[in-house]
Amino acid sequence: MTGVPASAAGGSARAKATAPAADVSDAPDAPDVPGASGAGVSAAVTGRSSSSSSSGPATGSDTDGSAGKAPRGKKIAAAAVNQASVWNIANLLTMLRLILVPGFVALMLADGGYDPAWRSLAWAAFAIAMITDLFDGHLARTYNLVTDFGKIADPIADKAIMGAALICLSYLGDLPWWVTIVILGRELGITLLRFIVIRYGVIPASRGGKLKTLTQGVAVGMYVLALTGWLATLRWWVMAAAVVLTVVTGLDYVRQAIVLRRQGIAARRAAAQETTEENQA
């Protein structure tokens with residue numbers, strides 16, 4: 001007798017059906033049993049199919065559901081954290097600096113722009129803006145309060161308050177227009193240059209750039225005040241130093257940008273060549 005009883009085949013099928021790794025795709029292996037009857041093979045296939053349909057989809061559904069829900073929950077939680085983090089102390093100081101810009105302009109131009117009292121109030125607004133500029137970045141980096149809003153709003157606030165002061169001073173005739181054009185042209189040009197080379201890397205802030213910012217703030221602040229005598233002469237020299245630092249640091253940023261771009265292009269070419277060699281191999 002060469003056949004295998006259907007009950008044995010069915011029992012084997014049931015045993016295989018209860019195996020945790022059972023899959024319908026394994027059903028064609030059933031004919032390897034010598035002399036297995038069609039009923040036995042059918043039972044094996046049926047048993048495996050029913051096992052897969054009863055246990056497989058349910059488990060897969062649960063797994064997919066849990067795997068799908070977890071990322072969505074994490075995304076929602078991350079979005080909530082990011083939304084809340086916009087209102088941190090560093091961003092609030094940046095917002096204050098933005099709000100001070102129109103107030104500063106109004107104080108500078110009040111009563112013709114030459115009243116010492118209004119100019120003193122304008123200087124106070126400018127000084128507060130400069131002081132908050134020193135603290136907001138430090139707080140953001142120290143206490144991990146860096147946000148996308150801060151990255152965008154902080155440089156805008158810096159350029160806005162400085163640009164407003166320079167334009168007002170030139171408009172009132174206290175500062176030559178070429179000084180305003182040189183400083184603002186450098187600031188806007190370097191900001192644009194940073195965006196151009198950002199795909200190759202980030203140009204770090206240098207000590208010269210920080211000294212330039214400090215010198216500009218002191219010089220513009222002295223021009224905002226209605227100074228006379230030797231203080232008026234001193235502010236001219238401070239502004240001259242600010243202009244020199246503005247030009248020198250601007251040229252240094254251009255040099256760094258060129259080097260960074262060349263390094264980025266070389267790295268990309270090397271990576272592309274390596275990928276081509278791997279594909280050919």
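Atoms considered below: every heavy atom in the structure, side chains included; atoms not considered: hydrogens, waters and symmetry mates.
Linking ILVMFWY residues whenever their side-chain heavy atoms come closer than 4.5 Å, directly or via other members, leaves L192 and I181 in distinct clusters. Under a hydrophobic-cluster definition in which Ile, Leu, Val, Met, Phe, Trp and Tyr are linked whenever side-chain heavy atoms come within less than 4.5 Å, directly or via other members, L251 and V197 are assigned to different clusters. V179 and V248 fall into different hydrophobic clusters, defined by Ile, Leu, Val, Met, Phe, Trp and Tyr side-chain heavy atoms under 4.5 Å apart, directly or through other members. A single hydrophobic cluster is seen to contain both I183 and V101, as judged by linkage of ILVMFWY side chains at heavy-atom distances under 4.5 Å, directly or through other members. A single hydrophobic cluster is not seen to contain both L96 and I161; linkage of ILVMFWY side chains at heavy-atom distances under 4.5 Å, directly or through other members, places them apart.
Using a 4.5 Å heavy-atom threshold, the side chains of M108 and F126 count as separate. Side chains of K151 and V146 form a contact here, defined as non-hydrogen atoms less than 4.5 Å apart. Taking 4.5 Å as the limit, every side-chain heavy atom of T94 sits out of range of all side-chain heavy atoms of T132. In this structure, the side chains of Q273 and R269 stay at 4.5 Å or more apart for every pair of heavy atoms. In this structure the side chain of F104 reaches within 4.5 angstrom of the side chain of V224, judged on heavy atoms. Counting heavy atoms from C-beta outward, L245 and Q216 have side chains that stay 4.5 Å or more apart.
The line from CG of L93 to CG of N88 is 9.0 Å long, rounded to the nearest 0.5 Å. Between atom CG of residue L188 and atom CG of residue L193 there is a gap of 12.5 Å, rounded to the nearest 0.5 Å. The distance from atom CG of L260 to atom CZ of R262, rounded to the nearest 0.5 Å, is 12.0 Å. The distance from atom CG of L175 to atom CG of L166, rounded to the nearest 0.5 Å, is 6.5 Å. Taken to the nearest 0.5 Å, the OG1 atom of T246 stands 6.5 Å off from the CD atom of E187. Atom-to-atom distance recorded for I203:CD1 and I196:CD1 is 10.0 Å, nearest 0.5 angstrom.
Of the possible donor and acceptor atoms, one in the side chain of Y114 sits under 3.5 Å from a partner among the backbone N and O of L172. With S170 contributing its side chain and I167 its backbone, the two residues share no donor-acceptor pair below 3.5 Å.
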Can you list the steps and then say if Y223 with W123 is a side chain to side chain contact (heavy atoms under 4.5 Å, CB included)?
CA-CA 9 Å; Y223 267 87; W123 176 87; over 6 Å; no
Pair D154, D133 - check side chain to side chain contact (heavy atoms under 4.5 Å, CB included), show working.
CA-CA 8 Å; D154 183 67; D133 182 33; 4.0 Å; yes
Decide yes or no on side chain to side chain contact (heavy atoms under 4.5 Å, CB included) for M239 and V220, but give the supporting numbers first.
CA-CA 7 Å; M239 181 59 75; V220 172; 4.0 Å; yes
Could you check Y171 against L109 for side chain to side chain contact (heavy atoms under 4.5 Å, CB included), going step by step and ending with a plain yes or no?
CA-CA 10 Å; Y171 173 78; L109 301 179; 4.1 Å; yes
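Within a 6.0 Å radius of CG in N279, other residues, nucleotides and ligands contribute more than 12 heavy atoms. A 6.0 Å sphere centred on NZ of K210 holds no more than 12 heavy atoms belonging to other residues, nucleotides or ligands.
F195 and I198 get closest at one heavy-atom pair: O-CG2, 3.2 Å. Between V105 and A164 the shortest heavy-atom distance is CG2-CB, 3.8 Å. Residues A153 and L98 come closest through the heavy atom pair CB-CD1, 4.5 Å. Residues S120 and L225 come closest through the heavy atom pair CA-CD2, 4.2 Å.
Among I156, D136, I131, I128, the one residue that satisfies the side-chain contact (heavy atoms from CB on, under 4.5 Å) test with R97 is D136.
A salt bridge (charged side-chain N to carboxylate O under 4.0 Å, His left out) check over residues 104-121, counting only residues at least two apart or in different chains, returns the pairs R119-D174.
If you check the side chains of N91 and T147, you find a donor sitting under 3.5 Å from an acceptor.
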